[in-house]
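The structure under discussion appears below in the form of structure tokens.
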Amino acid sequence: MSDASPQLLDISSDDPEALLDCYAARGWGDGLPMVAPTAERVDAMLAGCDGDEVVAVLPPRSGVATVRIIAVNAVLAGCRPEHLSVLVAAVRALARPEVNLRGVNATTHPVAPLLVVHGEAARTGGYNSGLGAFGPGNLANAATGRALRLVLLHVAGAVPGSGDASTQGGPAKYAYCVAENLDESPWGGYAASAGVDGPSAVTVHCGEAPHNVHDMESSHPEPILDKVASTMTTLGSNNAPVSSGEFFVMLCPEHAAACAAAGWTRGHVASYLYERARMRAGDLRDAFALRAWAPWQEAIGDDAGMAITEHPENIKVVVVGGPGKHSCVIPSWGMTRSVTVPVEPQRPSGSTAAPQGRRGAPSEAVARAARERSERERE
Amino acid sequence: MKIYAPDGAVGPTPAGLAPAAGVLAGKRIGVLDNSKPNAGLLLGRMADRLAARTGATVSVVERKNGALPAPDDALARLADAEVVLTGSAD
């Protein structure tokens, strides 16, 4: 591996235009103005933590994502130091093999990693989980989402035309970050349901931009979730021919409250959607000669309803948003799995040991206990 | 003023391109169909025509998912070939 220290470049002034010109000449940037990543700003972003720690090596460029180079991109995007640990956790999550980041970056699909911030980090970082959570208007959501994209552009090499073959691109590729509305979730936090039991976590889900679900008139789960199921069942989604694909169902607090008032848990919502989000198997076969279905699905007759995903656990339910009755569905790219990891304090500079409170992935037993406890609390 | 470059270092690449095979006469040609539309047809015909023109033989044809790396067992079978044709996009 070559020297991981970032290169220093000369620019004529602190004007945004000088930075844009310098970067554009090298194929860097997302097209928007950026904050100049001077040594002083990057040091302030690092706030004394170990910048040399290698978080991940990101494909297709095989770029080495040290904490320092992540901090450089955080400065460029306008992040504050309190956002760095969230961003580092997101990069760590994206590097997990089940995400299939090489495919995510290289595909012709408009996929972008959605970053969901859970728990204490969302509160202390000022992330918006309420009204207008997907944007615009909140610095933490906008800057952290943008910084993650800049890491993918610069470090991973997901540059349109070379490392990113997306046919049309997509607005979610600029910034795609939201916080979970834990205060108004009737089922506790999503991260605990995913087996990460700690004060703060992030989830990355590589999917499409949000698909709206509008229900103004219903106060019971069934009609609301039937509209969610309708939104999930579209022939235009990669999840139609890829049965292992996940859906993130981002329920607004009012829709979630209607489900909870009827005694439905997060798991009940997923099970109902699994039963209701179906399409005629023959129509799916007619639409897709190339299918990545589970073997048992090929045995389903043409006139039977085929579940749009092969298992209810592929339907993830998170509470996001403020007052109103709009939820959304975020289908995945297909050949990717979401990942939830804890947000950990950054290792102090000069330290080789993990800082106090730093935790690895929970054991399966711990994860199972957390899920069972979470289920008991909801019942 | 000085600013940092945003890209950082490049780590070790997981694989590199093999050197060109040179003369194909007597060589074994493999096909790795990545399941993209018509990839199998295109790559298969290319392999057949190359074999007919050069005296090579088509020894192995494998198929993989278009979005995932080729599985190890498919790569092991392809290792028998000196030349592998693959890589067709949408």
Side-chain angles (χ1 to χ4, degrees), chain A residues 1-14 18-19 22-23 26 28-29 34 36-39 41-42 54 57-59 61-66 68-73 75-76 100 102-103 106-109 150-151 153-155 157 165 167 238 242 289-290 292 333-336, chain B residues 1-20 29-48 58 60-79 81 83-90:
Chain A
M1 193 176 295
S2 57
D3 182 7
S5 299
Q7 181 188 2
L8 276 167
L9 305 168
D10 282 310
I11 56 173
S12 56
S13 74
D14 197 19
L19 174 62
C22 171
Y23 269 32
R26 293 164 171 81
W28 295 331
M34 294 167 282
T38 60
R41 286 181 176 135
V42 172
V54 175
V57 177
L58 302 176
R61 179 174 168 264
S62 294
V64 180
T66 61
R68 179 170 286 104
I69 206 69
I70 294 171
V72 169
N73 286 278
V75 169
L76 284 165
N100 187 15
R102 178 180 296 276
T107 180
T108 50
H109 185 278
L150 290 177
V151 168
L153 283 165
H154 297 146
V155 184
T167 304
N238 273 26
V242 181
L290 300 173
W333 166 56
M335 291 294 178
T336 179
Chain B
M1 66 182 298
K2 289 190 180 296
I3 58 170
Y4 280 122
D7 54 351
V10 175
T13 51
L17 289 174
I29 297 174
V31 171
L32 178 57
D33 172 4
N34 63 2
S35 301
K36 291 292 185 181
N38 295 318
L41 183 67
L42 175 69
L43 296 168
R45 286 194 181 171
M46 283 176 59
D48 287 341
V58 180
V60 56
V61 177
E62 293 288 336
R63 196 157 193 247
K64 67 177 276 292
N65 184 290
L68 299 173
D72 289 343
D73 56 346
L75 292 176
R77 287 189 289 273
L78 284 163
V83 175
V84 174
L85 304 181
T86 190
S88 171
D90 294 324

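To find a chain, count down the sequence lines: A is the first, B the second, and so on, and within it residues start at 1.
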(request) Indicate yes or no: at least one non-hydrogen side-chain atom of B/Pro6 is less than 4.5 angstrom from one of A/Leu76. (result) yes
(request) Please state whether the side chain, the backbone, both or neither of A/Thr38 comes within less than 4.5 Å of a heavy atom of chain B. (result) both
(message) Quick check for you: among A/Leu153, A/Val72, A/Thr108, A/Thr167, which has the greatest number of heavy-atom pairs under 4.5 Å with chain B?
(response) A/Val72
(message) Quick check on the structure: residues of residues 64-79 of chain B within a heavy-atom distance below 4.5 Å of chain A, by number.
(response) B/Asn65, B/Ala67, B/Leu68
(message) Please rank A/Asp14, A/Leu9, A/Val155 by heavy-atom pairs under 4.5 Å with chain B and give me the top one.
(response) A/Leu9
(request) Could you tell me which non-hydrogen atom of B/Ala5 sits nearest to which non-hydrogen atom of A/Pro6, and how far apart they are? (result) O-CB, 3.8 Å
(message) Only pairs of heavy atoms separated by less than 4.5 Å count here; which of A/Val75, A/Val42, A/Leu19 has the most with chain B?
(response) A/Val42
(message) Taking side chain as everything from C-beta outward and backbone as N, CA, C, O, which of these in A/Thr336 sits under 4.5 Å from a heavy atom of chain B? Side chain, backbone, both or neither.
(response) neither
(message) With a 4.5 angstrom heavy-atom cut-off, is it the side chain or the backbone of A/Arg102 that approaches chain B, or both, or neither?
(response) side chain
(request) Grab the two heavy atoms, one from A/Leu290 and one from B/Arg63, that are nearest each other, plus how far apart they are. (result) CD2-NH2, 3.3 Å
(request) Measure A/Ala292 against the heavy atoms of chain B and call it side chain, backbone, both or neither at under 4.5 Å. (result) side chain
(request) Side-chain contact test, heavy atoms from C-beta onward, threshold under 4.5 Å: evaluate it for A/Leu8 versus B/Tyr4 and give yes or no. (result) yes
(request) Go through the atoms of A/Asn73 and report whether side chain, backbone, both or neither lie under 4.5 Å from a heavy atom of chain B. (result) side chain
(message) Looking at every non-hydrogen atom in both residues, tell me the closest pair between B/Asp7 and A/His154 and how far apart they are.
(response) CB-O, 3.3 Å
(request) Could you tell me which of A/Ser12, A/Ala39, A/Cys22, A/Gly157 has the largest number of non-hydrogen atom pairs under 4.5 Å with chain B? (result) A/Ala39
(message) Can you list everything that forms a salt bridge (charged side-chain N to carboxylate O under 4.0 Å, His left out) with A/Arg26? Sequence neighbours excluded, please.
(response) none
(message) Do A/Tyr23 and B/Ile3 make a side-chain contact, defined as non-hydrogen atoms from C-beta onward lying under 4.5 Å apart?
(response) yes
